[in-house]
Structure formats: structure tokens, C-alpha cells
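Here the structure is a predicted model, which is why all the values come from computation and not from measurement. Residue numbering restarts at 1 for every chain, and letters A, B, ... go by the order of the sequence lines.
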2 protein chains.
Amino acid sequence: MSQQRHGSTPGDAGGVPAFPDLPEATIARLPEYLRALHHLAEAGAETVSSEGLAAAAGVNSAKLRKDLSHLGSYGTRGVGYDVALLVDQIEYILGLDENRAVCLVGVGNLGHALAGYAGFASRGFRVVALFDADRKKVGEVINGLTVRHIGELERVAAEESIAIGVIATPPGSAQAVADVLVAAGVTSILNFAPCVLAVPPNVDVRKVDLAIELQILSFHEHRKASLTALPGGGGDATGDQEAVGS
Amino acid sequence: MSQQRHGSTPGDAGGVPAFPDLPEATIARLPEYLRALHHLAEAGAETVSSEGLAAAAGVNSAKLRKDLSHLGSYGTRGVGYDVALLVDQIEYILGLDENRAVCLVGVGNLGHALAGYAGFASRGFRVVALFDADRKKVGEVINGLTVRHIGELERVAAEESIAIGVIATPPGSAQAVADVLVAAGVTSILNFAPCVLAVPPNVDVRKVDLAIELQILSFHEHRKASLTALPGGGGDATGDQEAVGS
DNA sequence: TTATGTGAACATTTTCACAGCG
DNA sequence: CGCTGTGAAAATGTTCACATAA
């Protein structure tokens, strides 16, 4: 119904793109499609069917087609999707062509790993600054970046126009760090500390809690164990590949 | 309608508990409630209202009450929930009282951090073994555990009855590691490698992709930027505290 | 009177099944 | 024909608003 023209194409990054408002569930899957597409492109594929891409991304093909239809995608009936074109489309929608600057606060165990995580750079992000409150860590060089004191955050954030802040501190410090980030004008925060952050409504927070994922798995282990006590097959279930919902 | 009696209580861990089948969305939030409850308990609270717990967990109170009602919880009308009792309930449901054994495969940057992550031990998991394919890493001691070669996984998994395997390898090795875990009888996998794993239907896989979260934030940054070009308030939106859906 | 527990309304997401384009 | 794009149906999740119990 609306697929012929939509917003703007990757080429014209200038104007106001009449931004398509995608369902949140779709947005969360786009990065997965993108990864699969890059993989296919490296393998030399020029086009891919919804079936093929869906398999590579671990979803079913109907969902994939529906998702792509929301961005008004350029599939060809009877053929499939142009891999390179779709990569550009998705990268544009996700804003990955803007090479956003990211800073990381807290260089403990996890912060160290994140600072060196190649997946950030390879997917359109520049880690431009590391901060910590601990003076003993200030000055340390990780992956070519020098750790600075958190007091410098506000100044550096402005200088480097940092778009996203990553919090990898203990939970007790996370809210204070979030406040500093917000004061510095950062409007997107990725929080690894196991706590809830209070931020103004214009700031987006996403949370990753490593232990939560384990606990969800534990629930399913517990359930499986309680079921084996009952009669019936042994294995079971509906036979989906990725059994637990993401 | 069914709240008086339900399955079994934490105390009686023996029988088959007529396992309540909770909505997936509810399960995913239970760990968050649990964290908030522990926090409240440490602060000395004996009871908490749905309003109070909801705020501490970052959800609204209606959702919290609905979630807890699914596990047939023991709130008292006019008063609230008994903190200690609710902790026991949720820990029982999640199977956290069983102190599951976890192994970690891949001790690179991220694996190192995970091996030392205190959040695992503190929430009912025992990291009992570390593995790597790289002979140079075998023998290294991390957090009191010696890294073993992946060839030993099958034997060790049986000895230690490992319930959950965590994959922190590069994506190219992840499927092979998953195959080894499955062969060793592990039925729950937490995958940090950015790739899709194929496993039998009785095995649960959950995935954490650090870069995906950044890409979702990037999308919202992109959208915000394209909206500021338009007229209207400036700040905006509906004023929710955690603006981006989890 | 207070705050839980819950039907019923609403919203979102997934799946189905097929029309229609290449 | 094959495969995309999409209405319509089904399933799942959230919010409302109030009956109900302490």
C-alpha cells in the first residue's frame, strides 16, 4: 500500500526522511538481519530469498518478510532481496552510517572487555573515550585509549559529541554516572549495571544484565526437570530451533 | 480464581510441583523483581506494596501484580507482599535454590570478564569450569579456576553435572562448541557469540549480543535526530522513565 | 479504607494463507 | 511458476478499573 516511495534512500542523508515508525519488535531484529546479510555478502551472495535470510537470522520467513515490508524494502518477487541494497537500507535506518561516538564508563573486569570488543568498531561505532572514578585506573591505556577521570566526562562528551554512553560500573555508582552522562547531553545509555536508572524522558536506556539471562535459562531447566518426572515422550515439545524466546 | 493452592511451596522441593506455566514475558521479569526484592530486604523492608516493588523494578504496578498473580503469590490485601516470602517463591520458581553448575567456553577478553563476574555466584550459580581451544590459554588460572582444554569438556561436564554452558568464543567457533556442549548433555546455552546456533529442540539457547543493543540505541538516536528537524515541543514523548522497551 | 487479584478492553506481535508481481 | 508483500486471524502481552479480602 505504501511501498513505492518511502522517506529517503541511503544516498540522500540530508533531508528529513519521513521516518518510518517501525514496530519495536522489528527494530530489535534488524541488527540480526544485518549481521546475516553481511555474512551472506562475504560469502558472495548477490540475492537471498526470505527463506534463506530468515534461516540465517534464526527467524521464520513470514516474520522476516513482514519486518522488511515495514521498511518498504526492495525485494523482487520470484527472486528475493538484493543483498547489498538491503544492507544499505538497514544500515541507513539504524543510523549506522553516522559512525556514532561511544564512551564507556567503568573499566573494571567487564569494562575492560567492552573496551576491547571488536564488535563495536566493526558495526559502525567508535569508542572514543574511557572513564573511571578510580584514580588508580586513570592513565591506564586500554586498546589505544587512555582512561580518564570521570570528572572530565562532561568536557570530553561535548568535544567528541558523544552520542551513546555505556555504563559498566558497579550498581551503586550507576545512577550517578547516568546523571553525569545526561548532564553532558548524552541521550542514549546502555546499562550493564544490575539496577534501574532514572533518566529524563528524552533519554533512552537499554539494559543488559548477564545474570538475568542465566536465571531465565535456570527457570527452563527447572521446568524441564519437573516435566521429566511425568510420563510422555522424553524429548518433546514443538521442535523449534531456537527453543527459548529471545 | 486459583490462588489458594498452587503447585508446591519452596519448602517442599521434593515432589512434582504441577509447574505453573508462566507467560514468557513474566519469566523474563522475575529476575528483575528478585533483584529489587533483595535490595529491599537489605534495606530492612519486611513488606512492600505492588507500587513500591514496581518502582524498584522499573515497571508499572498493574504489570507487576499480574505477573505475581501468575505464580499464585502471597500478597495481603491492604498491606502488600511479604518480602522474604516472595524472594523464596521467586527463587524456587526460577530454580535458583539448586545452585546450578555453569561452565564457560572461551576465555578471551569477554570470557575473562565473565569468569570473574560476581553477579553469577551471587545469584545462585557456580562457575565450575573454564575451557578454551587455545593450548596457550590452557593452564591459566582465572579467579581460582584453571582453564582446561575443550577436549575435556565432555568428561568434566558429566563429572560436575553441568547444567548451563556459556559460549564466549568468536562466532566462527561457536557452533562447534555448542555441538560439544550438546553432546555432553548440556541442555541450556547462553551464547555471547554473534551468530545463530543450531541445536536440538530440547536444548534452550539464549543469546546476548552486545552490539545489537548499541544498534537499537542508534536507531532511536537516528529517529530523534530526524524529529528535531520537525516543529513541536523539543523534549516530548509520553514521559516514561525507561523510554526504550527492554 | 487500603492495596491485591483479576476479568475485560486494548495493544502489539506472530502466524497464516494467498493475491499479485516479475 | 516462485517468491514477495499483505490483509486477516490468532496468540500474546499490557493496561484499565473494580470486586474482593484483610
Side-chain angles (χ1 to χ4, degrees), chain A residues 1-6 20-30 32-33 45-83 85-86 89 238-246, chain B residues 1-6 20-30 32-33 37 45-83 85-86 89 238-242 244-246:
Chain A
M1 202 200 234
S2 60
Q3 273 8 93
Q4 295 318 50
R5 247 146 215 275
H6 51 90
D21 68 335
L22 311 175
E24 201 61 39
T26 295
I27 296 162
R29 282 187 295 264
L30 290 180
E32 196 68 45
Y33 301 155
E46 303 217 330
T47 63
V48 63
S49 68
S50 66
E51 202 74 45
L53 182 52
V59 302
N60 70 41
S61 61
K63 197 186 285 184
L64 177 114
R65 286 201 303 280
K66 180 75 85 175
D67 282 342
L68 294 189
S69 78
H70 285 122
L71 30 130
S73 108
Y74 289 74
T76 309
R77 295 177 196 227
V79 179
Y81 301 91
D82 182 296
V83 172
L85 185 58
L86 202 46
Q89 284 274 326
T238 38
D240 200 349
Q241 186 143 67
E242 229 154 317
V244 182
S246 170
Chain B
M1 208 204 223
S2 60
Q3 272 9 92
Q4 295 317 50
R5 249 145 215 278
H6 52 90
D21 67 336
L22 311 175
E24 200 61 40
T26 296
I27 296 162
R29 282 187 294 264
L30 289 181
E32 196 69 42
Y33 300 156
L37 284 166
E46 303 217 329
T47 63
V48 63
S49 66
S50 65
E51 202 74 46
L53 182 52
V59 302
N60 71 40
S61 61
K63 197 186 286 186
L64 176 112
R65 286 202 303 278
K66 180 75 84 173
D67 282 341
L68 294 188
S69 78
H70 285 122
L71 30 129
S73 108
Y74 289 75
T76 308
R77 295 176 196 227
V79 178
Y81 300 92
D82 182 296
V83 172
L85 185 58
L86 202 47
Q89 284 274 327
T238 38
D240 200 348
Q241 185 145 68
E242 230 154 316
V244 181
S246 169

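- For the atom pair NZ of B:K66 and CG of B:N60, the computed distance is 12.0 Å after rounding to the nearest 0.5 Å.
- The side-chain hydrogen bond (donor to acceptor under 3.5 Å, both in side chains) check on A:R29 picks up A:Y33, A:D67, with sequence neighbours excluded.
- Straight-line distance from the CG atom of A:L68 to the C1' atom of C:dT14: 15 Å, rounded to whole Å.
- Between the P atom of D:dT15 and the CG atom of B:L64 lies a distance of 12 Å, rounded to the nearest Å.
- Considering all non-hydrogen atoms of both residues, A:Y74 and A:Y81 come closest at C-CD2, 4.3 Å.
- Rounding to whole angstrom units, CG of residue A:D82 and C1' of D:dT4 are separated by 14 Å.
- Distance, A:E51 CD to D:dT4 P: 8 Å, rounded to whole Å.
- Remark: C1' of D:dT4 and CG of A:L71 are 14 Å apart, rounded to the nearest angstrom.
- Using a 4.5 Å heavy-atom cutoff, the side chains of B:L30 and B:L22 are in contact.
- The phosphate of D:dG5 (OP1 or OP2) has a side-chain N or O of A:Y81 nearer than 4.0 angstrom.
- For A:A54, the side chain to side chain contact (heavy atoms under 4.5 Å, CB included) partners at least two apart in sequence or on another chain are A:V59, A:S61, A:L64.
- In this structure, A:Q89 atom CD and D:dT4 atom P are separated by 16 Å, rounded to whole Å.
- Side-chain atoms of B:L68 and B:L86, non-hydrogen and from C-beta on, do get closer than 4.5 Å to each other.
- Qualifying side-chain hydrogen bond (donor to acceptor under 3.5 Å, both in side chains) partners for A:S50, counting only residues two or more places apart in sequence or in other chains: A:R65.
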Distances under 3.5 Å between protein N/O atoms and the N/O atoms of nucleotides 11-14 of chain D, please, pair by pair.
residue	atom	partner	partner atom	Å
D:dT14	OP1	B:R29	NH1	3.1
D:dT14	OP2	B:R29	NH1	3.2
D:dT14	OP2	B:R29	NH2	2.8

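- An OP1 or OP2 oxygen of C:dT4 is reached within less than 4.0 angstrom by a side-chain nitrogen or oxygen of B:S50.
- Nearest heavy-atom pair, A:H70 versus A:T26, reported as atom, atom and distance to 0.1 Å: ND1-OG1, 3.8 Å.
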I'd like a list of close polar pairs between nucleotides 17-22 of chain C and the protein, N/O only, cut-off under 3.5 Å.
residue	atom	partner	partner atom	Å
C:dG20	N3	A:R77	NH1	3.4

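- With contacts defined as side-chain heavy-atom distances shorter than 4.5 Å, the pair B:L53/B:L37 qualifies.
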